[in-house]
Amino acid sequence: MIFDGFKRNPCFLGSARQHGRHISLVLLSIISLSMMTVLGAENSEIDLRELSFEELLDVQVTSVSKKEESISKSAAAISVITQEDIRRSGAMSLPEAIRLAPGMQVAAIDAANWAVSARGFSDIFANKLLVMMDGRPLYTPLFSGVFWDAQETFMDDIDRIEIVRGPGATLWGANAVNGVINVITKSAAETQGMLAFGTLGTELLGSAGFRYGFELKEGLFMRVYGQYQERDSFALADGSDASDRYELGQGGFRLDWEPDGQNEFTFQGDIYGGGSSFLADSFVATPPFLGTIVRTPNIGGGNLLGRWTHHFSDSAPLSVQVFYDQTHRDSDFIAEDRRTFDIDVQQRFALGETGELVVGGNYRSSQDTLFGPMGLPLLPGPDGFSPSRELLELKSGFIQGGWDIVADTLNLTVGSKFEHNDYTGTEIQPSARLRYHPRERHTLWGAVSRAVRTPSRSERGIQLTQFSPMIPGAISFQGTDSYGAEDMIAYELGYRVQSNDSLWWDLASFYNVYDNLQTREFGFPSFSGGLPIIPISADNQMSGESYGLELAINWKVTDWWRLRPSYSYLQIEVDQNLTSTDVTSSAVEGSSPHHTASLWSYMDLPGGFEFDTGIRYVDALPDLGVPAYLATDVRVGWRMNDHVTLSVGGKNLFDDRHAEYPPSLFFLERTEVEHSVYAKVVVTF
Amino acid sequence: MAGVLMSIRSTSRACFSLGLLNSGKVVCQVLLVCVIGCFSGVSNSQAAVSEAEAKAEFIFRIAQFVDWEMQGTDETFVIAVFADVEFAASLTNSLEGRTIKGKEVSVQLIEELAELGRARVVVVPGANRRRIVRFLGSGIPSNVLTLGDSEAFLKAGGMISMLKSRAGRIRLAAHSETLQSSGLRISSKLMRILSH
């Protein structure tokens with residue numbers, strides 16, 4: 001029993017008894033499910049030889065994922081969320097889908113915003129995770145993080161989400177410190193025909209979408225799509241409406257063309273627009289001059305991406321990718337316009353029989369225009385960003401080689417990224433990974449890597465003065481050139497077993513050493529109109545370490561039942577320099593859950609029915625005032641025929657509402673996720 | 001916008017009582033899990049088979065519908081699998097000890113056309129269009145039945161493809177022109193199934 005170890009070792013159960021109770025519950029569920037399987041399931045194999053040809057055509061087939069095979073050969077903590085996982089979990093947004101991966105910290109802040117991270121340092125402004133969609137980074141250099149409210153895609157056309165926990169800087173560059181997420185959509189050739197869906201629910205009030213794929217000429221496929229969604233407000237702690245309703249409309253296309261056996265072209269684009277509202281404590285014109293008002297930011301943008309892959313030979317593809325992304329956000333206290341252009345070239349070469357060498361180069365320019373708060377009165381001094389327009393350039397190259405030291409048994413991969421940014425100059429991010437197969441289907445791997453998180457535009461250029469309702473006077477956030485890169489050395493060790501066709505498990509552990517972590521230092525106050533203005537600037541006066549482990553199991557109990565239990569443990573410890581005046585940054589220690597456990601069950605029932613359940617335990621975030629919670633999701637799907645699928649489901653059942661993550665800005669109200677139900681219909685032709 | 005704006009959070013480390021869930025809710029969840037377990041007893045009747053097993057059976061059946069003139073020198077009925085070790089292994093497993101046209105089936109893994117030998121059937125698994133185009137274009141004798149499992153295979157001139165539908169069933173599709181011009185004699189029953 002894999003979980004016995006956790007029971008014996010008290011550190012996994014935490015100090016509070018209640019923690020134990022919740023984990024025990026999830027464990028109990030896993031054990032009871034497996035007991036029932038052993039007792040209840042009989043071997044129900046079909047003898048195909050007995051069937052007529054017509055009956056054979058009616059047999060339901062299942063396939064072992066090629067991705068699982070590729071995972072078993074990688075020397076990193078990788079997990080893959082498949083389209084099937086997404087569909088059956090009832091996930092209707094990207095963060096919900098990412099939450100299906102073990103070891104990820106994904107928490108709803110409000111109806112529109114999420115705190116997403118791997119291995120800690122979670123926040124709405126989480127800045128150590130690289131997220132990409134079809135190779136296009138989704139983060140904004142404004143804070144090196146992702147505005148999740150602007151990131152959606154046609155969920156049914158996602159092929160898979162590949163998630164690497166731990167640094168991926170050697171291939172992907174700065175800010176891939178704690179993890180890399182790549183959302184990969186299907187090619188247009190795989191999404192031929194029509195797919196339409198509609199959803200009604202209590203939290204996701206409604207969504208509808210349409211995709212149509214067709215063949216323009218031999219080998220040239222295209223699809224177009226459009227969708228709209230509206231989410232209901234979350235609740236405030238007292239149960240009242242949080243006024244944070246969210247809506248987003250989006251459309252796009254993708255073309256895939258293989259004119260001959262040697263060239264592949266992809267051309268795709270999206271356009272989106274929407275907005276959400278939120279409650280903010282603010283000054284108002286009437287006594288007592290302090291109140292809560294609803295603010296309504298809006299977002300919009302679009303992108304175009306082209307990729308050409310040329311196969312010089314079977315093992316030497318050259319890939320050239322170019323994208324342009326334009327985004328606009330007007331959130332009342334800050335407005336951002338950004339245009340990003342990026343070109344990326346990669347070439348692979350075979351190194352002997354088993355080796356491979358990859359080299360690549362990248363250039364990116366990002367031009368922004370930033371505005372400070374428009375609606376806030378009493379703003380002394382400079383306000384907004386300095387300069388208000390800036391062009392940031394990033395140039396990088398990487399080389400990585402991997403080969404078998406002992407054929408099919410021991411493999412070494414080494415490489416490094418060399419990246420030049422406008423703020424801290426050149427950063428070198430090497431890594432070495434060793435993979436050992438002691439037996440067939442067993443993989444032991446270890447890695448040592450360095451990654452950096454480079455300063456973002458806001459830490460260098462911000463000039464923003466905010467009156468706080470909580471203190472007399474104002475706080476002035478001031479960018480500074482003295483703030484440098486944060487860096488990290490990661491040590492990872494993992495073991496992975498595909499013990500047979502039905503059981504696969506993966507254990508990853510890590511020890512990360514951080515240096516020059518960000519702190520927020522107070523300066524000497526100045527006075528304006530008799531009120532103190534306290535300057536705050538970013539600095540690098542903190543170091544720290546984090547360690548933990550992540551266990552994921554994929555168990556095909558029978559042909560019609562699959563279980564996916566997972567557990568992760570995380571500990572972060574930081575030390576501030578004695579000279580630091582920061583009073584808040586050390587809260588990072590208690591801002592990520594120590595224990596996270598989940599159990600997903602997917603069942604194929606007779607008559608085309610599916611019954612899927614997920615239970616998720618997330619430990620408390622003591623430094624943020626968020627208690628532990630247990631969430632239960634249930635879904636029943638019914639495939640009426642080859643064209644129509646119906647599903648109904650509930651999320652966060654048995655729980656009126658719970659907080660997952662507080663907003664990071666002091667003038668915003670904390671909101672809570674409520675339980676919800678939904679019904680969805682998908683029609684394909 | 002940063003961690004810089006993140007400021008002024010309460011740093012009080014209040015100890016949270018985990019009274020989030022009362023015991024009634026916990027009981028409900030355990031019950032739910034038990035209900036899921038009960039379902040398991042009911043639903044044994046529905047079973048699915050692996051995609052590879054089903055395809056192996058289709059290959060076996062399809063081969064029987066083609067009228068080959070077997071020669072005395074043929075010791076076995078050879079089915080070649082192009083460049084897919086795992087599929088070849090699974091096919092060997094599934095068809096072990098079975099016979100087609102009175103000859104025991106033998107599965108051969110081949111990496112290029114030259115290795116085709118006496119194979120009557122060649123299976124080209126996967127959807128790598130480039131690889132498929134190259135292999136099918138390299139001059140396969142017209143009396144060899146080509147089978148694949150992708151749309152790309154049909155488009156590249158393959159004869160019959162076993163396609164997995166969204167509903168998880170195998171559907172057969174044929175490239176009728178290639179099939180007709182091949183000179184292979186195919187039973188009318190298979191033609192009927194293919195034409196559906």
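Naming convention: chains lettered A, B, ... in sequence-line order (proteins, then strands); numbering from 1 in each chain.
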message: Which heavy atom of A:Arg49 sits nearest to which heavy atom of B:Arg61, and what is that distance?
response: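 So the two residues come closest at O-NH2, 3.6 Å.
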
- prompt: Is it the backbone or the side chain of A:Ser52 that comes under 4.5 Å from a heavy atom of chain B, or both, or neither?
  reply: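 For A:Ser52, the backbone is the part near chain B, not the side chain.
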
message: Counting only non-hydrogen atoms closer than 4.5 Å, does A:Glu215 touch chain B with its backbone (N, CA, C, O), its side chain (CB onward), both, or neither?
response: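 Only the side chain of A:Glu215 comes within 4.5 Å of chain B.
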
For [X], is it the side chain, the backbone, both, or neither that has a heavy atom closer than 4.5 Å to a heavy atom of chain A?
X: B:Phe58; result: both
X: B:Lys55; result: neither
X: B:Leu190; result: side chain

- request: For B:Glu96, look at atom CD and say whether over 12 heavy atoms of other residues, nucleotides or ligands are found less than 6.0 Å away.
  value: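 No, because the 6.0 Å sphere around CD of B:Glu96 holds 12 heavy atoms or fewer from other groups.
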
message: Distance check, rounded to the nearest 0.5 Å: A:Phe53 atom CZ versus B:Leu172 atom CG?
response: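 CG of B:Leu172 is found 5.0 Å from CZ of A:Phe53.
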
